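Some notes on the structure that comes next.
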Amino acid sequence: MTDLIANTNSFGILALLVSAIAAGSLRRRDWLIIAVLLAVMAMVIATGLHWLVHDRVRTALMKEGLYGDHLSLQLVITAFGASIFTGLGLWIVYTRHGARRWAALTTLAMIALFCVQALSVHAVDAFLGMKMGPMMVIGWLWGGGALTIMAIAIFASRTNKV
């Protein structure tokens, strides 16, 4: 299991940092913000902060006796978070254009994934932690999102649509 977690974390960190470099190389405010957010996500993975938050949420729910009925509480929190992320997504759609829009939306989706993981919804945990080849599903999602942003940044720089 340790190798599985190490492979997942290493792939996520590498993909996020490479994508942060690609986004930061475009040297525009929106792209620099995306680069910083990607680098912060890589640091969160490297330090294990996402697992710490995950474990603290679970422990707090158990301590309060809410873990058995944690689904209803987490659904409320998830609905609240979803409304915030939907609002941010709509703001991005209406204020950003071209490649910046898609990179910002992908970054927002990755931040939402980190938040969902921290909430410790059991069914989601089981899916994200499922082994898929050399790593867990969440590693493929981190990598896929990061590589999508990198591809968008490369496209933007090559077509001069920064």
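Values below: all heavy atoms of this structure, side chains included; hydrogens, waters and symmetry mates excluded. Quick caveat, the model's predicted, so the values are computed rather than measured.
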Under a single-linkage definition using a 4.5 Å side-chain heavy-atom cutoff for Ile, Leu, Val, Met, Phe, Trp and Tyr, are Trp91 and Tyr94 assigned to the same hydrophobic cluster?
-> no

Any Leu90 side-chain heavy atom under 4.5 Å of Phe85 side chain = no

Let me have the donor-acceptor pairs involving side chains of residues 36-52, under 3.5 Å, with sequence neighbours excluded, atom names and distances please.
from, atom 1, to, atom 2, distance (Å)
Thr47, OG1, Met43, O, 2.9
Thr47, OG1, Val44, O, 3.2
Thr47, OG1, Leu49, N, 3.4
His50, ND1, Val44, O, 3.4

Distance from Arg28 atom CZ to Ile33 atom CD1, nearest 0.5 Å?
-> 13.5 Å

Met150 versus Val18: any side-chain heavy-atom pair under 4.5 Å?
-> yes

If you take all heavy atoms of Ile92 and Ala104, which pair is closest and at what distance?
-> CG2-CB, 3.7 Å

Min side-chain heavy-atom separation Arg101-Thr95 under 4.5 Å = no

For Gly24 against Ala35, the heavy-atom pair lying closest together | N-CB, 3.6 Å

Residue pair Trp140 / Pro134: nearest heavy atoms and the distance that separates them = CZ2-CD, 4.0 Å

Thr8 (side chain) donor-acceptor with Met136 (main chain) under 3.5 angstrom | yes

Interatomic distance, Trp102 atom CH2 to Thr107 atom OG1 [nearest 0.5 angstrom] = 13.0 Å

Mind checking the CG-CE spacing from Leu141 to Met132? Nearest 0.5 Å is all I need.
-> 8.5 Å

Supply the atom-to-atom distance Ile152 CD1 to Leu147 CG, rounded to the nearest 0.5 angstrom.
-> 11.0 Å

Could you give the distance from CG (Leu108) to CD1 (Ile111), rounded to the nearest 0.5 Å?
-> 6.0 Å

Which ILVMFWY residues are connected to Ile21, directly or by a chain of links, through side-chain heavy atoms under 4.5 Å apart?
-> none

Is Trp142 close to Asn9 at the side-chain level, that is, under 4.5 Å between some pair of heavy atoms?
-> yes

If you look at every heavy atom in Trp31 and Ala23, which pair is closest and at what distance?
-> CB-O, 3.2 Å

With the side chain counted from C-beta on, respond yes when Thr106 and Ile34 share a heavy-atom pair under 4.5 Å apart, and no when they do not.
-> no

Roughly how far, to the nearest 0.5 Å, is the OG1 atom of Thr159 from the CD1 atom of Ile154?
-> 11.5 Å

